[in-house]
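For reference, the structure is listed below as structure tokens.
These values consider heavy atoms only, across backbone and side chains, with no hydrogens, waters or symmetry-generated copies.
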Amino acid sequence: MNRLLCYGILIPVVFALTAAGCGKSEKSSQKPAKKETITIAVIPKGTIHEFWKTIHAGALDAARDTGVEIIWKGPLREDDREEQLQIVETFISSGVSAIVIAPLDDRSLIKPVAEAQRLGIPTIVIDSDLQGDFHAAFVATDNYRGGVLAAERVGELLNGAGKIIVLRYQEGSASNTNREEGFLDTMRSKFPSIEILSDNQYAGVTTESAYRLSENLLNRFKEVDAIFAPNEPVTFGCLRALQARGLAHTIKLVGFDASEKLTEALGKGEIEGLVLQDPFKIGSVGVRTAVAVLRGEKVEKRIDTGVVLATPANMNEPEINTLLHPVTVQ
């Protein structure tokens with residue numbers, strides 16, 4: 001009887017202690033859920049030119065402010081469509097949170113961007129537009145407006161009369177095509193007395209190829225009053241060709257974008273105008289827009305980051321001077 005009573009008391013007590021011990025063990029084994037890091041792939045057209053290094057700096061600045069991680073990777077050259085496509089597909093397969101990309105042309109990335117959207121990976125297109133409606137937003141300069149500013153500068157320099165050359169960049173680049181068309185449309189409508197000697201030659205993606213084309217055109221056309229170049233490498237290649245012939249102060253050069261050497265030439269009067277974007281802002285707004293989309297916030301479909309014209313006369317004004325000396329990532 002005493003033994004049974006003892007068992008009757010001990011068994012419930014042991015059970016209760018065991019249950020309590022198990023409960024404690026389960027609770028201690030549970031770890032707080034790890035907060036998922038937002039990872040954004042930022043893919044430029046290329047990685048050589050100063051313009052992309054400044055976009056990189058802007059993207060890093062936005063990443064620090066928003067607490068996200070960016071992965072910067074792009075093709076070396078701005079004509080390597082296959083490599084850019086492979087980079088995009090690799091990031092999609094790895095499951096990044098979002099993609100920010102400057103497409104090398106306006107068509108080749110439509111399918112992978114559509115696939116990214118299907119998988120819940122939003123894409124923000126920067127700098128140069130992409131056809132289709134699969135990206136969440138487009139962040140860029142009003143490139144057509146930039147071409148208009150360049151044409152107005154050339155018209156002013158030539159007093160509405162003279163002979164000019166337009167250097168094109170490469171076929172399929174939406175941003176550069178818009179600049180070229182803005183320039184040509186304005187030239188034809190506002191300055192009909194200015195003769196366009198050449199507007200169908202493509203300089204390619206490097207300073208060297210732009211230099212060679214400029215040399216060829218200067219050999220072909222002996223009387224040239226001004227030249228328009230639509231981006232940094234083309235402007236610098238043309239500048240080098242003019243300098244080599246001693247024509248940098250004779251033929252008026254109006255270009256696009258800034259670098260140390262282009263800014264120096266502007267100060268010397270070897271360049272008469274540079275249309276300036278804000279690449280730091282493009283990179284920063286691109287990443288911030290991606291973060292906003294991931295957080296379910298409403299964003300504008302097209303975001304204009306501004307464009308201005310720098311001349312030897314206004315290059316020391318604070319706003320212009322900042323754009324002429326951008327922050328870069330080396």
Side-chain angles (χ1 to χ4, degrees), residues 35-45 51-52 54-74 84-85 87-89 91-146 173-179 276-308 319 323 326-327 329:
K35 187 176 181 181
E36 185 179 352
T37 301
I38 292 176
T39 304
I40 299 174
V42 184
I43 309 168
K45 288 182 179 179
F51 182 80
W52 303 113
T54 304
I55 282 186
H56 191 185
L60 286 172
D61 181 71
R64 284 189 293 267
D65 282 354
T66 57
V68 304
E69 176 187 348
I70 68 163
I71 306 173
W72 173 267
K73 186 173 178 60
Q84 190 180 56
L85 177 61
I87 291 170
V88 173
E89 290 175 341
F91 278 131
I92 292 173
S93 298
S94 68
V96 294
S97 307
I99 294 171
V100 175
I101 187 165
L104 275 169
D105 65 52
D106 61 351
R107 296 181 181 181
S108 63
L109 296 177
I110 295 174
K111 287 185 178 180
V113 168
E115 175 65 7
Q117 184 193 59
R118 187 185 71 80
L119 295 172
I121 303 172
T123 299
I124 307 300
V125 172
I126 62 171
D127 177 64
S128 192
D129 209 353
L130 182 67
Q131 293 186 28
D133 194 35
F134 302 107
H135 49 286
F138 175 48
V139 178
T141 305
D142 183 342
N143 287 292
Y144 188 92
R145 173 62 182 160
S173 173
S175 57
N176 286 273
T177 298
N178 288 337
R179 296 168 198 173
L276 301 178
Q277 309 178 75
D278 191 340
F280 187 93
K281 185 175 182 180
I282 292 172
S284 177
V285 174
V287 170
R288 293 174 195 276
T289 303
V291 174
V293 171
L294 289 169
R295 291 174 177 170
E297 300 172 14
K298 185 177 180 180
V299 300
E300 295 293 328
K301 190 68 175 177
R302 301 181 73 88
I303 302 171
D304 181 5
T305 53
V307 63
V308 297
E319 178 191 6
L323 295 175
V327 177
V329 173

- Between T66 (side chain) and A62 (backbone), is there a donor-acceptor pair under 3.5 Å? yes
Is a side-chain N or O of Q84 found less than 3.5 angstrom from the main chain of L104, in a donor-acceptor match? yes
For V100 and G286, the nearest pair of non-hydrogen atoms, with its separation, is CG2-O, 3.7 Å
Worksheet entry | Electrostatic pair K281-D61, nearest N-O below 4.0 angstrom | no
Quiz prompt | Under 3.5 Å: donor-acceptor pair, side chain of T54, backbone of V327 | solution = yes
Exercise for the section: Begin with the C-alpha distance, continue with both residues' side-chain angles, and end with the deciding distance and a verdict on side chain to side chain contact (heavy atoms under 4.5 Å, CB included) for D133 and K301. Expected result: CA-CA 10 Å; D133 194 35; K301 190 68 175 177; 3.1 Å; yes
Does a side-chain heavy-atom distance below 4.5 Å link P122 with L294?
yes
Minimal heavy-atom distance between I43 and G74, with the atoms involved, is CG2-CA, 4.4 Å
Closest heavy-atom pair, R107 versus Q131, reported as atoms and distance to 0.1 Å, is NE-NE2, 3.2 Å
In this structure, CD1 of I55 is separated from CG of D278 (nearest 0.5 Å) by 9.5 Å
Under 4.5 Å between any side-chain heavy atoms of L85 and P112, yes or no? yes
Residues passing the side-chain contact (heavy atoms from CB on, under 4.5 Å) test with V308, sequence neighbours excluded, are L276, E319, I320, L323
The reported gap from CD1 in I303 to CZ in R288 (rounded to nearest 0.5 angstrom) is 12.0 Å
### Query
Counting only heavy atoms not in E115, do more than 12 fall under 6.0 Å of its CD?
yes
CG of D304 to CD1 of I282, rounded to nearest 0.5 Å, is 9.5 Å
Nearest heavy-atom contact between W72 and P44 is CZ2-CG, 3.4 Å
Quick check: do I40 and V96 have side-chain heavy atoms less than 4.5 Å from each other?
no
Closest non-hydrogen contact found for S128 with S173 is OG-C, 4.1 Å
Do N143 and Q277 touch side chain to side chain, with heavy atoms closer than 4.5 Å? yes
- How far apart are the C-alpha atoms of D127 and F51, what are their side-chain angles, what is the distance that settles it, and do they pass the side chain to side chain contact (heavy atoms under 4.5 Å, CB included) test? CA-CA 10 Å; D127 177 64; F51 182 80; 3.5 Å; yes
Output for pair (D106 CG, S175 OG), nearest 0.5 Å, gives 10.0 Å
Correct closest heavy-atom pair for D105 and L130 would be O-CD1, 4.0 Å
task: Would you indicate whether the side-chain heavy atoms of R302 and D129 approach each other to under 4.5 Å?
output: yes
Item to complete: Starting from the C-alpha separation in whole Å, work towards a yes-or-no answer on side chain to side chain contact (heavy atoms under 4.5 Å, CB included) for I99 and I92.
Response: CA-CA 8 Å; I99 294 171; I92 292 173; 3.8 Å; yes
